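Since the structure comes first, as structure tokens, the remarks are kept for the end.
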Amino acid sequence: MAIQLPDGTSAPVIDASVHVFFGSNKDLRQNFLKEPFASRGFPDYEMNWYGAPGGEYAKDTKGPNREYPGSDPDITARHLFTDRGVDIAILHPMTRGIMPDRHLGTALAAAHNAMMVTRWLEHDEHGERFRGTIRVNPDDIAGALREIDKYKGHPRVVQIGIPMQSRELYGKPQFWPLWDAAAEAGLPVAVHIEGGAGVQFAPTPSGKARTYEQYLGFMALNYIYHLMNMIAEGVFERTPTLKFVWADGAADMLTPFMWRMDCFGRPHLEQTPWAPKMPSDYLPGHVYFIQGALDGPGDTEFAGEWLNFTGKEDMVMFGSSYPHWQLNEPEIPSAFSTEQREKLLWRNAAKLYGLENEFADFGSASAVAAQ
């Protein structure tokens, strides 16, 4: 399947950001959590201070009995594969962020993984078009390593997922065993904002924002602190096959911040001898972004040039954020080249997630057409 583009060409689509949920908290507690965790207290998905004014989710995404949006594989498959022309969907279960009790946090992550694998990845009709993100708890490295070991051989598991709202920067040494295990398993690490967060820091370095608009505008920028710390700590130098996906966009902030890091970081390499390259040299092959509706300059004449800055055209992947309200469409600026369009819609994701064979026919046809 392929979508038709405004210029008359067509392209496949990999939706790299599809959020899946339990049908309800009762579903989670009764069917996937065991005691002593099933009767413990933990926040609902909706337990956050920054709800979207018009509602969090897109219309008609709830289950047939008003279960949570994004909890029914058949409804999701119809919306994505039939209505929107998506070929493969990368699933990212939404959990509850960092719990005060690391054991509870790991139990919740494990429950979400079991739900995703059994209900979605092994679905009789649609499973072959779903790929999954297993959730792990970065506050419990031993528990996270168990989850990776449990699922790393599953043919439809393609990455691990962690919350953006960590209580420590992800370049610090306590996380290195987790990154090493992910790289050894060949699984990228996706970092996503958690709505129903348990113990989270303020969304800005200066504290709490007042409105949803402020929260939405600035929360995704927290990736900058993680990424710059990872580069300065030499994470990509010591683990050269590690790949990170910043799943809430904000790629438009990469160029100015990396320029600053290159300018200020290069003269002071004596402070980071374990990371001897220019900071921006650690981006290619290591850093990826889900391109959302809020990112970039829009359909302007310089959009293609903007995407080329800092090599972003090799880093961005389309993601709809289904079933959330924005439900991004694969709208491609007219100034994008054919190659840039294809990289955004499917090529970058296919390469990252090992899906290139799924599109072998289109790839060869595209190459012939280009000649």
Side-chain angles (χ1 to χ4, degrees), residues 3 11-20 56 58 70 76 80 84 86-95 116 130-135 158-165 170 182 187-195 215-224 226-227 242-255 257 283-298 303 306-307 310-333 336 340-355:
I3 64 166
V13 177
I14 297 175
D15 189 335
S17 183
V18 174
H19 305 147
V20 297
E56 289 287 339
T76 300
L80 295 178
R84 296 170 65 86
V86 171
D87 294 88
I88 291 178
I90 310 298
L91 308 180
H92 195 118
M94 300 304 294
T95 62
M116 178 190 67
F130 291 133
R131 298 296 186 275
T133 304
I134 59 166
R135 297 306 305 270
V158 296
Q159 69 185 357
I160 72 172
I162 57 175
M164 176 83 82
Q165 300 99 312
Y170 282 139
L187 298 174
V189 180
V191 188
H192 198 286
I193 296 169
E194 290 280 26
Y215 173 85
L216 187 67
F218 293 105
M219 183 63 202
L221 301 185
N222 282 284
Y223 88 83
I224 287 288
H226 286 303
L227 176 59
L242 179 64
K243 302 177 190 302
F244 255 68
V245 178
W246 306 101
D248 275 292
D252 43 353
M253 293 291 100
L254 180 68
T255 296
F257 278 103
L283 299 177
H286 292 296
V287 176
Y288 299 83
F289 294 88
I290 305 297
Q291 179 83 348
L294 302 178
D295 302 326
W306 170 88
L307 191 66
T310 328
K312 290 192 294 291
E313 63 184 12
D314 294 315
M315 303 178 194
V316 296
M317 304 180 291
F318 166 72
S320 67
S321 197
Y322 182 94
H324 286 89
W325 65 269
Q326 59 266 47
L327 203 53
N328 302 324
E329 295 284 353
E331 298 176 351
I332 311 298
F336 278 15
Q340 287 176 325
R341 295 176 189 177
E342 292 189 353
K343 285 181 176 181
L344 173 63
L345 290 175
W346 68 278
R347 288 192 184 277
N348 288 342
K351 183 177 181 180
L352 177 65
Y353 297 123
L355 301 174

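Model, not experiment: these values are computed from the prediction.
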Grab the two heavy atoms, one from G298 and one from A303, that are nearest each other, plus how far apart they are. O-CB, 3.5 Å
Side-chain heavy atoms of R84 within contact of E329, under 4.5 Å: yes
When rounded to the nearest 0.5 angstrom, what distance separates CE in M219 from CD in E194? 10.0 Å
Heavy-atom closest pair (A11 atom, L345 atom, distance to 0.1 Å) is CB-CD1, 3.9 Å
Counting the benzene-type ring for Trp, do F289 and Y223 have ring centres under 6.0 Å apart? yes
Distance-only, no hydrogens or angles: does the Q291 side chain make a donor-acceptor pair with backbone N or O of L344 under 3.5 Å? no
M94 vs V20 side-chain heavy atoms within contact, under 4.5 Å: no
To the nearest 0.5 Å, how far apart are CE in M315 and NE2 in H286? 10.5 Å
Side-chain heavy-atom pair L307, F336 within 4.5 angstrom cut-off: yes
Least distance between heavy atoms, M116 atom then G132 atom: SD-CA, 3.6 Å
Euclidean distance, F318 CZ relative to S17 OG, rounded to 0.5 Å: 9.0 Å
For residues N222 and I193, determine if any side-chain heavy atom of one lies less than 4.5 Å from a side-chain heavy atom of the other. no
If every non-hydrogen atom of I160 is compared with every non-hydrogen atom of A182, which pair is closest and at what distance? CD1-CB, 3.9 Å
Over all atoms of both residues, closest heavy-atom pair of I90 and I14: CG1-CG2, 4.0 Å
Please answer whether the main-chain N or O of Y170 pairs with a side-chain N or O of H226 as donor and acceptor at a distance below 3.5 Å. yes
Note, W246 side chain near I290 side chain (heavy atom, < 4.5 Å): no
Is the backbone N or O of G285 less than 3.5 Å from a side-chain atom of K243, with the two atoms forming a donor-acceptor pair by type? yes
State whether a side-chain donor-acceptor pair under 3.5 Å links H324 with H19. yes
May I ask you to test the V287-L227 pair for a side-chain heavy-atom distance under 4.5 Å? yes
Side-chain donor or acceptor of R135 paired with backbone N/O of G161 under 3.5 Å: yes
Residues M317, K343; criterion side-chain contact (heavy atoms from CB on, under 4.5 Å); working and verdict: CA-CA 7 Å; M317 304 180 291; K343 285 181 176 181; over 6 Å; no
Using modelled atom types and a 3.5 Å cut-off, is there a donor and acceptor pairing between side-chain atoms of D15 and backbone atoms of S320? yes
List the steps and the verdict of side-chain contact (heavy atoms from CB on, under 4.5 Å) for L187 and Y353. CA-CA 8 Å; L187 298 174; Y353 297 123; over 6 Å; no
So, does D248 use its side chain to make a donor-acceptor pair with the main chain of A220 at under 3.5 Å? no
Looking only at atom types and distance, does a side-chain atom of N348 sit under 3.5 Å from a main-chain N or O of V316, one as donor and one as acceptor? yes
Quick one: does any side-chain atom of D295 pair with a main-chain N or O of A250 as donor and acceptor, under 3.5 Å? yes
Looking only at heavy atoms, the pair that brings L327 and A58 closest together is CD2-CB, 3.8 Å
Does one side chain, of S321 or N328, offer a donor that lies under 3.5 Å from an acceptor on the other? no
Within the 4.5 Å heavy-atom criterion, are V189 and Q159 side-chain neighbours or not? no
Check whether K312 reaches the backbone of A251 with its side chain - one donor and one acceptor, N or O, closer than 3.5 Å. no
Step by step, would you call M164 with H192 a side-chain contact (heavy atoms from CB on, under 4.5 Å)? CA-CA 5 Å; M164 176 83 82; H192 198 286; over 6 Å; no
Please lay out, stage by stage, how L80 and V18 fare under the test side-chain contact (heavy atoms from CB on, under 4.5 Å). CA-CA 9 Å; L80 295 178; V18 174; 3.7 Å; yes
Within the structure provided, determine whether V13 and W346 are in side-chain contact (heavy-atom separation under 4.5 Å). no
